[in-house]
There are 2 protein chains.
Amino acid sequence: MGFMSNESKSLLGLLEAAPIKARFNDADIKAIHSLQISLKRYPPHTVVYNQGDAVRSVYITNSGWGCVYRDLPSGDRQIMDFPLRGDTVGLRMPAVFNYNTYASITEMSVFEISQHALNAIVLRSPYLSNGIMALMARQRAFLIEHLTNLGRRNALVRTAHLLLEMGVRAKHSGMGTEKGYSCPLTQYELADALGLTAIHVNRMLRELREQNLVAFRYGEVEFINRPGLVRLANFDENYLAMGMFTDFK
Amino acid sequence: MGFMSNESKSLLGLLEAAPIKARFNDADIKAIHSLQISLKRYPPHTVVYNQGDAVRSVYITNSGWGCVYRDLPSGDRQIMDFPLRGDTVGLRMPAVFNYNTYASITEMSVFEISQHALNAIVLRSPYLSNGIMALMARQRAFLIEHLTNLGRRNALVRTAHLLLEMGVRAKHSGMGTEKGYSCPLTQYELADALGLTAIHVNRMLRELREQNLVAFRYGEVEFINRPGLVRLANFDENYLAMGMFTDFK
DNA sequence: CGGGCCTTTGATTACCCTCAATTTTCGTGG
DNA sequence: CCACGAAAATTGAGGGTAATCAAAGGCCCG
């Protein structure tokens, strides 16, 4: 398998591609070009920023898989999200500490933008600020869905739902199809996102496989009976479409 | 008991008070005054907007308790948050359906602002747009904490954590002290926020009471041994301070 | 080819849910 | 002010889901 490099050389290219699909005017483009941006590469399992750091940057994932999580004193952690290409990380209040960690899972490249510079630009290009709000709203939609997942769905449904969500997001980012997608997550990482143990995740994956709904093996998620899986998980992918720039202007 | 009316006649007054503590310049104030705002009252247990509505308004809670939740086809629901005075609800993408419901719990008054008008204002007053982003970041901090709660804390700790969080937020909003606060939530509502059954919430509350940590009875939360409770819940209230305007400009 | 991480399976335990029933509280109207 | 009914709180018993403990097998990489 393996294909599609899905790398952008420029932030503008990334913003104009799926899933963001921004449409800028000349002033916006000028503003974006004036931003101090660096494209950074991270090896697998490397921390981008850490819980407790006073980070002053905003990140837009360009390629690879990462995760945003919160470490607990107990040693457990809760993964909030797995940002993919086009997903933003670290949009936050200035002058406030981070309450989460952003780390790579696979090799990953991200655009890093100085928070200060971004703030300055927002002051000059209000349309961009609308776009940033849209991105924040998109991320919130993910969080709300994950919260619903943990609070009111059992382990089997929860696992199914996450596999479907990441499938749609991978497809949006040009990294998958209706049939399936490459997923580098370990069962431990799934467990930390699903509020389960890796052992139980393993059993749920087996169950889903034995019911001929979806097979997750060897780093590949293969939808066998996607309609059945959608029905099981009560999956509504519309929430994932939120947050695009498309409707602006 | 009963006291402190905590009502504002104007949005400006609300924004400048705790917990938001905004500081505006003349242009901002002018912009805010130009907004088409109405102060609406809702009786207890009334829907402000519904899942599926194409709502075009943003809300800022002025007084009373409400809740934001998502209904599931199974008949369950997941409560995302209990917004109090000064908390915003409904900041979202334009032209997108809601994926949650906002309803009152007690009698409640909220400022309703047309999304369209707000967008227009943001285009003219970038400082305000920064403020709105701050408010969104504040809400996200709540969501992240709730997600961590559901994913990686057991029922007792989870319950303790929520009682502490709402205590701090009530205090921020001028509705409580270190000793306790009035809390109109039923055990069913707590359960829907905590991802538990009301029956189990009842047992956890008894446990917390018997351990002389906190008593929740007759609509009053009374902190008996707050340090002990904070220790049990690993509660760090700093995340609640996020999202204020204070550091801007 | 060895070692470490990941996956898989089994047995047991514990947490939380479900079902059922009683008591208490609270709002409403007599 | 009391009576009534509904909603909420409380308690008990039993069951199911997911965690814990333990160990074996597979895969990848040096």
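We name chains A, B, ... by the order of the sequence lines, and we start the count at 1 in each one.
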Separation of atom [atom1] in [X] from atom [atom2] in [N], rounded to whole Å:
| X | N | atom1 | atom2 | answer |
| --- | --- | --- | --- | --- |
| B:L194 | C:dC15 | CG | P | 17 Å |
| A:R152 | C:dC16 | CZ | C1' | 12 Å |
| B:L185 | D:dA9 | CG | P | 10 Å |
| B:E207 | C:dA14 | CD | P | 16 Å |
| B:R153 | C:dC15 | CZ | P | 18 Å |
| B:H45 | D:dA7 | NE2 | P | 11 Å |
| B:E189 | D:dA8 | CD | C1' | 11 Å |
| B:L205 | D:dT11 | CG | P | 11 Å |

Of all the nucleotides listed ([options]), which has the minimum atom distance to the side chain of [X]?
| X | options | answer |
| --- | --- | --- |
| B:T197 | D:dA9, C:dT18, C:dT8 | C:dT18 |
| B:Y218 | D:dA18, C:dT25, C:dT7 | C:dT25 |
| A:R217 | C:dT8, D:dT10, D:dA18 | C:dT8 |
| B:R203 | D:dA13, C:dT7, C:dC19 | D:dA13 |
| A:Q187 | C:dT7, D:dA19, D:dA13 | C:dT7 |

Query raised in the report: Any salt bridge between B:E145 and B:R153, counting N to O under 4.0 Å?
Result: yes

Query raised in the report: Can you say whether the rings of B:W65 and B:F82 are parallel (under 30°), tilted (30 to 60°) or perpendicular (over 60°)?
Result: tilted

Query raised in the report: Picking from A:S109, A:S10, A:S63, what satisfies side chain to side chain contact (heavy atoms under 4.5 Å, CB included) with A:L39?
Result: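 It is A:S109, the one option of A:S109, A:S10, A:S63 that forms the side chain to side chain contact (heavy atoms under 4.5 Å, CB included) with A:L39.
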
**Report entry** With A:C67, the side chain to side chain contact (heavy atoms under 4.5 Å, CB included) member among A:V89, A:D81, A:I79, A:D192
**Finding:**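 Testing each of A:V89, A:D81, A:I79, A:D192 against A:C67, the sole residue satisfying side chain to side chain contact (heavy atoms under 4.5 Å, CB included) is A:I79.
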
Classify [X] by what it touches in the nucleic acid, base, sugar-phosphate, or nothing, heavy-atom distance under 4.0 Å.
| X | value |
| --- | --- |
| A:Y188 | base |
| B:I199 | base |
| B:G195 | sugar-phosphate |

Side-chain N or O of [X] versus OP1/OP2 of [N]: is the shortest distance under 4.0 Å?
| X | N | answer |
| --- | --- | --- |
| B:R206 | D:dT10 | no |
| A:N154 | D:dT17 | no |
| B:N202 | D:dA9 | no |

Query raised in the report: Under the 6.0 Å and 45° cation-pi test, does A:R226 pair with A:F235?
Result: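 Judged by the rule (NZ or CZ under 6.0 Å from the ring centre, within 45° of its axis), A:R226 is not positioned above A:F235.
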
Report task. Nearest-nucleotide wise, let me know which of B:A198 and A:L156 is further upstream toward the 5' end of DNA chain D. Result ->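 Nearest-nucleotide comparison on DNA chain D picks B:A198.
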
